[in-house]
Amino acid sequence: ANEKREILLQRHAQRLKELDFHIQNLKKGKPLISAAFLQQQGVKPGKHMGALLKEAERLAINENWQEPAPVLAKLIEMPLWKGE
């Protein structure tokens, strides 16, 4: 039981370390993809932009991307980008 607990704690600590970049950005209120950035890409403010921002945040964190380019590339491939 102690071994399992240690392994779990180590995994948790490792995951926190891996996600530190994203955690700090969230605390600072500086997402990788911002509304202003999406506007530059031709996205109009509104519900669609909100959905794209949410998805961009999810992608950045899940894929551990720390640059906007791969997040934007993936977003553009998604039906959500076209508003579907």
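Contact between Asn64 and Gln66 at its shortest, heavy atoms only, is OD1-NE2, 3.6 Å.
The number of heavy atoms from other shown groups lying within 6.0 Å of CD (Gln14) is above 12.
If you chain together hydrophobic residues whose side chains sit under 4.5 Å apart, Leu19 and Phe21 never meet in one group.
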Enumerate, atom names and distances included, each donor-acceptor pair closer than 3.5 Å involving a side-chain atom of residues 49-60, sequence neighbours excluded.
from  : atom 1 : to    : atom 2 : distance (Å)
Glu55 : OE1    : Arg58 : NE     : 3.1
Glu55 : OE2    : Arg58 : NE     : 3.2
Glu55 : OE2    : Arg58 : NH2    : 2.6

Donor-acceptor contacts under 3.5 Å from residues 23-41 side chains, at least two apart:
from  : atom 1 : to    : atom 2 : distance (Å)
Gln24 : NE2    : Asp20 : OD1    : 3.2
Ser34 : OG     : Phe37 : N      : 3.1

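Every residue meeting the salt bridge (Lys or Arg N to Asp or Glu O under 4.0 Å) condition with Glu18, not counting sequence neighbours, appears here in chain and number order: Arg15.
To the nearest 0.5 angstrom, Leu9 atom CG is 14.0 Å from Lys4 atom NZ. Atom CG of Leu75 is separated from atom CH2 of Trp81 by 6.5 Å, given to the nearest 0.5 angstrom.
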